2 protein chains.
Amino acid sequence: MNLKELSQNLGLSQTTVSRALNGYPEVSTATRRRVEEAARTFNYSPSTRAKGLATGKALAIGHVIPLSSKHEMVNPVFGDFIAGAGETYSRNGYEMILSIVPDQDERRIYQGLKSRRAVDGVIVHGPVMDDPRIPLLHKLGLPFAVHGRASVNETPYAWLDMNNRNAFKRATDFLFDLGHQRIGLVNGLEFMDFAYRRRNGYTVSLSDHGVTPDPDLMRSGEMTEDFGYVSARQMFALDDAPTAIICSSMISALGVRRAIEEKGLVMGKDISVISHDDVLSYLKNGGDTPIFTATRSSVREAGRQLAQMLLDAIENPGRAPQTKLLEAELVVGTSTGPAPRKD
Amino acid sequence: MNLKELSQNLGLSQTTVSRALNGYPEVSTATRRRVEEAARTFNYSPSTRAKGLATGKALAIGHVIPLSSKHEMVNPVFGDFIAGAGETYSRNGYEMILSIVPDQDERRIYQGLKSRRAVDGVIVHGPVMDDPRIPLLHKLGLPFAVHGRASVNETPYAWLDMNNRNAFKRATDFLFDLGHQRIGLVNGLEFMDFAYRRRNGYTVSLSDHGVTPDPDLMRSGEMTEDFGYVSARQMFALDDAPTAIICSSMISALGVRRAIEEKGLVMGKDISVISHDDVLSYLKNGGDTPIFTATRSSVREAGRQLAQMLLDAIENPGRAPQTKLLEAELVVGTSTGPAPRKD
DNA sequence: GAGCAAATCCAAAGCGCTTTGGAATTTTGA
DNA sequence: TCAAAATTCCAAAGCGCTTTGGATTTGCTC
């Protein structure tokens, strides 16, 4: 069923039917109802392609997910982020176009999306500190919004970020308050902007407490379970092992816990652990009481909000780029406790 | 830059330029080269929408991901599956359109995709035993391919599945060979087809070994870490606790391990665990030697192959639906060992 | 009931591409 | 050398929609 057939069926012109369906005022309420009724029974909806051609809008947003070329890894956070963004899109009649590409091909993909006019805008995932995509997208004139930030950047752009620095500073402060002095950091890859900021929050807290950062206590890598395990093991093997570990992801935190238990220690007593919790749907932080003390910020909510920001920006092209900083909350679970007393 | 401008620039007609770019034979090699060259320097690629309108193809595949309405959970497997499928699409010039929808809305979404002519076909995720989407898509005449199978179904359709029944039968057999008699199952939701088949393989093995299935040893639920933990705890509280547990997902297996260690037991000695491993990028099964003995089958590879099957089906509409059954391999890790002797 | 504004509708152009049916040019064969 | 065949190109129609500019009808006012 297409517009032509539908309008013939109703004995109306295509113009009128189109206007009725798109809420234009030049149509009487009676005909509008008739048209809507008919559209429903014939299961008609306008072809996205034709509509897009006629209006010049794609009614679609592109998500370009970089695939870590080293580990072929898809960020586990992305499923929930996408779910959040998807809610916003479907509420606003947009479609989501997804490209998962080896990170070295990203440039080409953005150019392609632009020149094929496939999307009205894109979401940028996983920004690194000096991210080349931001100037690129500016140059292309393709509206975009970034999940996270790029520290090194002149021109303003739209972003939504969690306050990584503050979250990790608070977590570290919290451990100091419990009496810990040797605190390890199991971080993500530190050319990623979020990881850089987290380390920054961590080291600032250390300095505040008169502690010099110890490279042996600072690991950085792709946040798998195994990475958490290996990192913790290495730290425990030190002469002056940490009594607490801060971890950038729940998944690596599970690895950290494995290392703790393997050593016959008890988490929350012998070793304290704080993790960042993205509130992933399949990785709830325990049941009723949280297992891990955690800095918590829902990545799904981030998806919802950032998508909305991008749609707003597309509809108001003049306006200055919006930005938004979300604060993580610190939830206290059973994985932290006072520092064990030295014998 | 559009076709018109490009052809004016070259002093050719739009027809010729279009043909040159699409590999039609009515164009001399010299002009073709000229055209390709120009397209490259002007960064021209045809508008997907216009092309789609003209050809009647969308050059896009839809993925409709059901969002569990109960737990608002996105299947963690989906990121890797999508990554695999995405590889296939980009190699073939297709786009991936993603909708994440509350499972009760799925029907409407498929109808929308069809009537808006937004996609050439769809991938069906997470089939349940008697899946209504299969007859619906047949009725709509929208090409589709299913990741998994629906047990209750008359008409043939394209699918790719892992041999769940066989994998879990082998896993159970393996535990029997090690002398275990009380074997627990921590399964996914059993209206999901894969989970049903897995339980089936498990019970068949039990019968083969003259053991009657014990409801107390069979849990079914959304496969989170916590679910694994809670399930294992409950089993351990039994008078006649199991000496081995088979688990449907690595994530729940981590929960099972937590319960084991909490009880002060050693996995692989006091309790054996076998998990299914989807080879998710962020959840490697240990480093060099696998931690969990596991039935292994890469879900990313499944994505690659199923996407290809769908594209083939779209290009050869006449042909009978293809199907493919992948066998999981059984990798032996440190999480299994001989059944502890009764004292 | 004439005159005018408001309400309601329509024909046709245009969005950027592919493709049909021909026209123009070059090459070939005898 | 000249007709036929092969090569190379083009104008125009059509894909399904939106939107402009205009035509027609209806409702009011006096």
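Here is the naming used below: chain letters follow the sequence lines, and residue numbers restart at 1 for every chain. Here the structure is a predicted model, which is why all the values come from computation and not from measurement.
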### Task
Would you tell me if any nitrogen or oxygen in the side chain of B:T55 comes within less than 4.0 Å of OP1 or OP2 on C:dT18?
no
#### Entry: A:D80 bridged to A:R300 by N-O distance under 4.0 Å
yes
### Query
When you check the phosphate oxygens OP1 and OP2 of D:dT19, does a side-chain N or O of A:S18 lie under 4.0 Å from one of them?
no
### Selection from D:dT18, C:dT18, C:dC10 that lies nearest to any side-chain heavy atom of A:S13
C:dC10
### Query
Relative to the 5' end of DNA chain D, which residue comes earlier, A:R19 or A:A50, by the nucleotide with the nearest heavy atom?
A:A50
### Query
Rounding to a whole Å, what distance do you find between A:L53:CG and D:dG16:P?
12 Å
### Query
So A:F81 and A:H147, would you call those rings parallel, tilted or perpendicular, with 30° and 60° as cut-offs?
parallel
#### Entry: Residue-phosphate contact under 4.0 Å: B:S28 side-chain N/O, D:dT7 OP1/OP2
no
### Task
Using a 4.0 Å heavy-atom cut-off across all strands, classify A:R117 as base, sugar-phosphate, or nothing.
sugar-phosphate
### Task
Starting from P on C:dA11, measure out to CG on A:L12 and report it in whole angstrom.
11 Å
### Task
Tell me whether the OP1 or OP2 atom of C:dC17 has a side-chain N or O from B:Y44 closer than 4.0 Å.
yes
### Task
Record whether the side chain of A:T15 comes under 3.5 Å of the base of D:dT19 through a donor-acceptor pair of N or O atoms.
yes
### Task
Tell me whether the OP1 or OP2 atom of D:dC17 has a side-chain N or O from A:K4 closer than 4.0 Å.
no
### Query
What is the distance, rounded to the nearest whole Å, between atom CE of B:M1 and atom P of C:dG16?
12 Å
#### Entry: Between C:dG16 (P) and A:R49 (CZ): distance, integer Å
17 Å
### Query
Salt bridge between B:R33 and B:E36, side-chain N to carboxylate O under 4.0 Å?
no
### Query
What's the NZ-P distance between A:K51 and D:dC15, to the nearest Å?
20 Å
### Message
Under 4.0 Å from OP1 or OP2 of D:dC15: is there any side-chain N or O of A:N2 that close?
### Response
no
### Query
Between B:R40 and B:E37, is there a side-chain N and carboxylate O pair less than 4.0 Å apart?
yes
### Query
Quick one: is D:dC9 close enough that its OP1 or OP2 comes under 4.0 Å of any side-chain N or O from B:T31?
yes
#### Entry: Atom-pair distance (OH on B:Y24; P on D:dT7), nearest Å
18 Å
